[in-house]
Trainee: 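Take a look at the following structure, please.
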Amino acid sequence: MCRAVFLLALTVLVCPAAVALDNGLALKPTMGWLHWERFMCNTDCDKDPNNCISERLYMQMADVMVKEGWKEAGYEYVCIDDCWPSHQRDAKGRLQADPKRFPGGIKKLADYVHSKGLKLGIYADVGKNTCAGYPGSLGYYETDAQTFADWDVDLLKFDGCYMDWKLLGEGYMNMSRALNKTGRSILYSCEWPLYEWPYKQPDYKAIRETCNHWRNFADVYDSWSSIKSILDWTASHQDIIVPSAGPGGWNDPDMLVIGNFGLSHDQQESQMALWAIMAAPLLVSNDLRDICPRSKKLLQNTDIIAISQDPLGKQGLCTIKVDSFEVWERPLSKKRLAIAVLNTQEIGGPRGFFIRAAPGWKICDPQCNVTQILPQYKDLGVQTPHTKLVVSVNPSGTTLLTVTPTSD
Ligand code: GLA
């Protein structure tokens, strides 16, 4: 016993948690709304005034976030993605918003969003151009960081298109320093590892010291195959990426696409549950002005959000794949545990999973209290290591539980 404690203490001393970017931000996974997956690069405000990338879109989202319970549920950042700027910098070399679509400019938009008690995010790129071909920040890091600070922006998503991969690290680190130099608190969302993976294994220690979250894998689409590919990638790289997550810095598996067109309700539940288990930023990309009540309820589910935002700040892992089930587990504060059981068999009906087979179930010795969060909230009562509890899981759906150890 003593020896085990000693070894544990030694491990903690020898391997301190990696150092996070020290800007006091993202102590819990970021929550908000981001335009890309749903609205993409729709710049035609003549034909599609309601859905084009314009100041109106963000103002309307901010209004809805306050009125419809999003802000209260924790969603805080209203984030602009690509296609907001003019194709030309101004006479002083500064980025400027497209004058037709953002007549008030970004500073006014930030003021508006702040007046609602929310925060504003913006997008730029470490290379020569953004992915959609707008001006990139290469050669302008300090100017752009200062411009965003002058506009009172609160978050920067920094993309990695049109950049020599060997200069990615330097570019991302320089922008991090430039943001810091402005003196404004600007949350820094990176895509550095995503663009580096094709060439080399990214240095997650350096990434964690530089960014508040970082994309590792391809863009999310509004489809189950996309969600599944993100989960598969995460599970197969978890030994490398999971240790780097913690308060101040998180792995970013990309946006939540819940409330759109491509996922069944069971699949939407799987995305929500697994994003909470992965301690992922919860950045929703949908039309909050027009969302079905069931998806809204899922996105605002306080029990799932509590797992996402758990103060221990540890990312969960895929602990077993067996018989077309995946078990994912996330350690929570107060020695609690969240367990997600995903049924990956896309044929047939609900299947039973013997919960005792989950490796984390050992915390039920001598006993534990179990609550089912998804698909329905249910108190499953006191359980033991020998319990006969079988949970039912729908095809491509997830049953999500929280487990609290108790002494007898
Ligand atoms: C890349 C990013 C996306 C989005 C687009 C915008 O593909 O990974 O998240 O920002 O660029 O062009």
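Counting starts at 1 for both ligands and their atoms, following the listed order.
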Trainee: Run the numbers for me: atoms of ligand 1, each under 4.0 Å from some heavy atom of Glu191, listed by number.
Mentor: 2 (C), 8 (O), 9 (O)

Trainee: Quick check on contacts: which atoms of ligand 1 are under 4.0 angstrom from a heavy atom of Cys131?
Mentor: 1 (C), 11 (O), 12 (O)

Trainee: Any N/O of Trp36 closer than 3.5 Å to an N/O of ligand 1?
Mentor: no

Trainee: Assess, by modelled atom type and distance only, whether the side chains of Gln267 and Ser396 contain a donor and an acceptor separated by less than 3.5 Å.
Mentor: yes

Trainee: Parallel, tilted or perpendicular: which describes the rings of Trp165 and Tyr199, with under 30° parallel and over 60° perpendicular?
Mentor: parallel

Trainee: At what distance is the nearest protein heavy atom to atom 4 (C) of ligand 1, and which residue and atom is it?
Mentor: Asp81 OD1, 3.5 Å

Trainee: Given Asp219, Val220, Asp82, which has its nearest heavy atom closest to atom 3 (C) of ligand 1?
Mentor: Asp219

Trainee: Considering only heavy atoms, does Asp159 approach ligand 1 within less than 4.0 Å through its side chain, its backbone, both, or neither?
Mentor: side chain

Trainee: Inspect the surroundings of NZ in Lys108 and state if more than 12 heavy atoms from other residues, nucleotides or ligands are less than 6.0 Å away.
Mentor: no

Trainee: Ignoring angles and geometry beyond distance, decide whether Lys157 reaches within less than 3.5 Å of ligand 1 through its nitrogen or oxygen atoms.
Mentor: yes

Trainee: Could you tell me the separation between the OG atom of Ser333 and the CD atom of Gln309, rounded to the nearest 0.5 Å?
Mentor: 12.0 Å

Trainee: Where does the angle between the aromatic ring planes of Tyr172 and Trp192 fall among parallel (under 30°), tilted (30 to 60°) and perpendicular (over 60°)?
Mentor: parallel

Trainee: Taking only non-hydrogen atoms of Arg215, do any sit less than 4.0 angstrom from ligand 1?
Mentor: yes

Trainee: Can you confirm whether the side chains of Tyr204 and Asn216 place a donor and an acceptor under 3.5 Å from each other?
Mentor: yes

